[in-house]
Amino acid sequence: MTTTTQLRDHALEVLRENDRGSYTVPTKGLYPFQWNWDSCLTALGQSRYDEGRAWTEIETLFAHQWPDGMVPHIVFHVYSDGYFPGPDVWATGRPTPTSGITQPPVAGFAVRRLYDRATDKAEAARRARALLPLIDRWHSWFYEMRDPDGEGLVAILHPWEAGRDNSIDWDEAFERVPTEGIDPYVRRDTQHADPAHRPTKAQYDRYLWLVQLFRSLGWDNAKLHAASPFKVVDPGFNAILIRSATDLAALADELGMPEIAERNRNWAATGLEALDSLWSARYGQYVCRDRATGALVDSASIGGLLPVFAAVPQARAHEVARTIERWAEKVQFLIPSHSPEDPRFEAKRYWRAPAWLVMNYMIVDGLRAAGETEVADHIVRSSLELITQSGFAEYYDPLTGEPCGGGRFTWTAAMVMEFLEAA
Ligand code: GLC
């Protein structure tokens, strides 16, 4: 039987193995660079054994923030031909190459958590004070570039921005993205992982079509929102932004930065109110809105459960908890990334059903705050069972627990550290 100590030691081993000194790769081979939200969530696990190292992880990411305020989804610190699309395809012209899109802004949440649990408060305050204005600029960038009409909610312009690459949420809007005129390419992900667990070729063509469009516009964010045929308002992404703005405001208050506090509190309040327009009574959860058509998207995914991570009304959190319980009757392990009641559910294909520990972590955090302790405990138990049975995988088949995608995965290990410490 695996003990808690063994699990923790194993998690530590995975985190150390993927540590490149000032940043951590998600896993060797498949993802050889720094990813945005991977790093922020990984820092939480790192803070359990080395607080200084945890701050460095986030500082390294923000050292590559764009002049307009965007924080890119990948920083290509070193050369590697094992990943596609690499720096030549993005061609963003940054001093250290980066991708040209962003990822869920979980940094505000992570930094507050690092500060709250810091044992050396003076050092934590020093490092937080330097990061706060940068995170604030990133939030400001979102509202300026991704919410040009001031709805209070921001759109993603590429599925990779959501961090849920091939979710069923994007299928309909993706139909509008052409598949012709793409430069010839060879995928690398399918050389490291089973192609049956990865996005399809048609999806990949469209991912690249969007990259080519944005590149042809010189990565000028002031132009991309209007130009993109794909723009979707994702409740999960927005919940993360709202939660980070709330946390940034609280921390800014504590550190004597009142302007940052006020701005972020306002964004969070407006966002929370607007988020309710994405509620689906039929599914008992939130759903996406296609900003190109204005219609709600008929797709019940985990992105619509994630709003509990923000301070949504208690009644909504309660409904989401009931939805998770309903899903739990149809799967063995929580939380599937898509509703098992939907015929489009594909148990092993990436974000079209598999369970991901980072999602479990954020949803558990929100459910606990809303007093939904039983469901939260169930998710934690399920997460630790998955690890014990199948190791530190990228994601898991929720019907069988089979490990999928890359192995020895950093943020999975970081989340295990978190779940064990909180248990
Ligand atoms: C995949 C995931 C994304 C993650 C990245 C690195 O692209 O969908 O969320 O950030 O891998 O782990």
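The figures here come from the full heavy-atom set of this structure, side chains too, leaving out hydrogens, waters and symmetry mates. Please read these numbers as outputs of a predicted model, since none were measured by experiment.
- A cation-pi arrangement is found for R187 relative to Y204, the charged atom lying closer than 6.0 Å to the ring centre and inside a 45° cone about the ring normal.
- Between W138 and F62, the angle of the ring planes goes over 60°, which puts this pair in the perpendicular group of the 30/60° scheme.
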Derivation of the side-chain hydrogen bond (donor to acceptor under 3.5 Å, both in side chains) call for D205 and Y185: CA-CA 9 Å; D205 285 350; Y185 68 94; 2.5 Å; yes

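- The environment of CD in E273 is sparse: at most 12 heavy-atom neighbours from other residues, nucleotides or ligands sit within 6.0 Å.
- Annotation: the span from K28 atom NZ to T410 atom OG1 amounts to 10.5 Å, rounded to 0.5 Å.
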Test log, rule side-chain hydrogen bond (donor to acceptor under 3.5 Å, both in side chains), inputs T92 and R215: CA-CA 7 Å; T92 55; R215 191 180 65 202; over 6 Å; no

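- Taking all atoms of both residues into account, the shortest heavy-atom contact from W279 to V320 is CZ3-CG2, 4.0 Å.
- Taking 4.0 Å as the cut-off between side-chain N and carboxylate O, E144 and R137 do not count as a salt-bridged pair.
- Between F174 and Y207, the gap from one ring centroid to the other is short of 6.0 Å.
- A distance-only check finds no donor-acceptor pair linking the side chain of Q103 to the backbone of G163 [under 3.5 Å].
- Judged purely by atom type and a 3.5 angstrom limit, Q34 has no side-chain atom pairing as donor or acceptor with the backbone of F76.
- For an aromatic pair to be called close, the ring centres must be under 6.0 Å apart, and Y83 with W90 fails this.
- For the pair R243 and F309, the distance from NZ or CZ to the six-membered ring centre is under 6.0 Å and the angle to the ring normal is within 45 degrees.
- For the residue pair E57 and Y23, no side-chain donor N or O sits within less than 3.5 Å of a side-chain acceptor on the partner.
- Smallest separation of non-hydrogen atoms from A227 and L217: CB-CD1, 3.5 Å.
- When each of L153, D147, D290 is paired with V233, the side chain to side chain contact (heavy atoms under 4.5 Å, CB included) condition holds for L153 and for no other.
- Remark: the Q46 side chain and the T24 side chain contain an N/O donor-acceptor pair separated by less than 3.5 Å.
- Not a single donor-acceptor pair under 3.5 Å links the side chain of R349 to the backbone N or O of H197.
- Using a 3.5 Å distance cut-off with no hydrogens or angles, the side chains of Q203 and T200 do pair a donor with an acceptor.
- Between E123 and R126 there is a salt bridge, with a side-chain nitrogen of the basic residue lying less than 4.0 Å from a carboxylate oxygen of the acidic one.
- With rounding to the nearest 0.5 angstrom, the CG atom of L61 is 9.5 Å from the CD1 atom of I135.
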Pair D247-R113, salt bridge (Lys or Arg N to Asp or Glu O under 4.0 Å): steps then yes or no: CA-CA 9 Å; D247 285 347; R113 203 142 270 198; over 6 Å; no

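- Salt bridge D194/K348: absent, no basic N to carboxylate O contact under 4.0 Å.
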Criterion side-chain hydrogen bond (donor to acceptor under 3.5 Å, both in side chains) on R117 and S47, from CA distance to verdict: CA-CA 8 Å; R117 64 168 68 142; S47 76; 2.9 Å; yes

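- Remark: D171 engages R352 in a salt bridge, criterion side-chain N to carboxylate O under 4.0 Å.
- Using a 3.5 Å distance cut-off with no hydrogens or angles, the side chains of S99 and H73 do pair a donor with an acceptor.
- When every heavy atom of A202 is checked against every heavy atom of T179, the shortest pair comes out as O-CG2, 4.2 Å.
- Within 6.0 Å of atom CD in Q191, more than 12 heavy atoms from other residues, nucleotides or ligands are found, so the atom counts as buried in its surroundings.
- A cation-pi arrangement is found for R198 relative to Y350, the charged atom lying closer than 6.0 Å to the ring centre and inside a 45° cone about the ring normal.
- Under the 4.5 Å side-chain criterion, counting only non-hydrogen atoms from C-beta, N238 is not in contact with F142.
- Here the closest heavy-atom approach between residue A310 and residue A239 is recorded as CB-O, 3.8 Å.
- Comment: R16 does not engage D50 in a salt bridge, judged by the lack of any side-chain N to carboxylate O separation of less than 4.0 angstrom.
- A pairwise comparison of heavy atoms in I156 and E161 identifies CA-OE1, 3.5 Å as the closest pair.
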Worked verdict on W170 versus V232 for side-chain contact (heavy atoms from CB on, under 4.5 Å): CA-CA 8 Å; W170 328 129; V232 177; 3.8 Å; yes

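- Of all the heavy atoms in T323 and Q285, the pair that sits closest is CG2-OE1, 4.2 Å.
- Although no hydrogens or angles enter the test, the distance criterion places no donor-acceptor pair under 3.5 Å between the side chain of T96 and the main chain of H77.
- If you check the side chains of S337 and R164, you find no donor sitting under 3.5 Å from an acceptor.
- In terms of modelled atom types and a separation under 3.5 Å, the side chain of T56 and the main chain of G52 share a donor-acceptor contact.
- A donor-acceptor pair under 3.5 Å is formed between the side chain of S216 and the backbone N or O of L213.
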Steps toward side-chain hydrogen bond (donor to acceptor under 3.5 Å, both in side chains) verdict (D298, Y283): CA-CA 9 Å; D298 183 14; Y283 290 123; 2.4 Å; yes

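- For the atom pair CG (D116) and CG (L251), the distance works out to 7.0 Å, reported to the nearest 0.5 Å.
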Evaluation steps, side-chain contact (heavy atoms from CB on, under 4.5 Å), between W35 and V25: CA-CA 7 Å; W35 263 256; V25 298; over 6 Å; no

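- With respect to the salt-bridge test (charged N to carboxylate O, under 4.0 angstrom), the residues D234 and R291 do not qualify.
- In the displayed structure, E172 atom CD is contacted under 6.0 Å by at most 12 heavy atoms of other residues, nucleotides or ligands.
- A salt bridge does not link E51 to K121: none of the charged nitrogens lies less than 4.0 Å from a carboxylate oxygen.
- Residues E394 and Y31 have side chains that bring a donor and an acceptor to within less than 3.5 angstrom of each other.
- With hydrogens and angles ignored, the 3.5 Å screen pairs a side-chain donor or acceptor of R146 with a backbone N or O of A155.
- At distances below 3.5 Å, at least one donor-acceptor pair connects side-chain atoms of T42 with backbone N or O atoms of D38.
- With N264 contributing its side chain and I260 its backbone, the two residues share a donor-acceptor pair below 3.5 Å.
- Judged by distance alone, the side chain of S382 and the main-chain N or O of F333 form no donor-acceptor pair under 3.5 Å.
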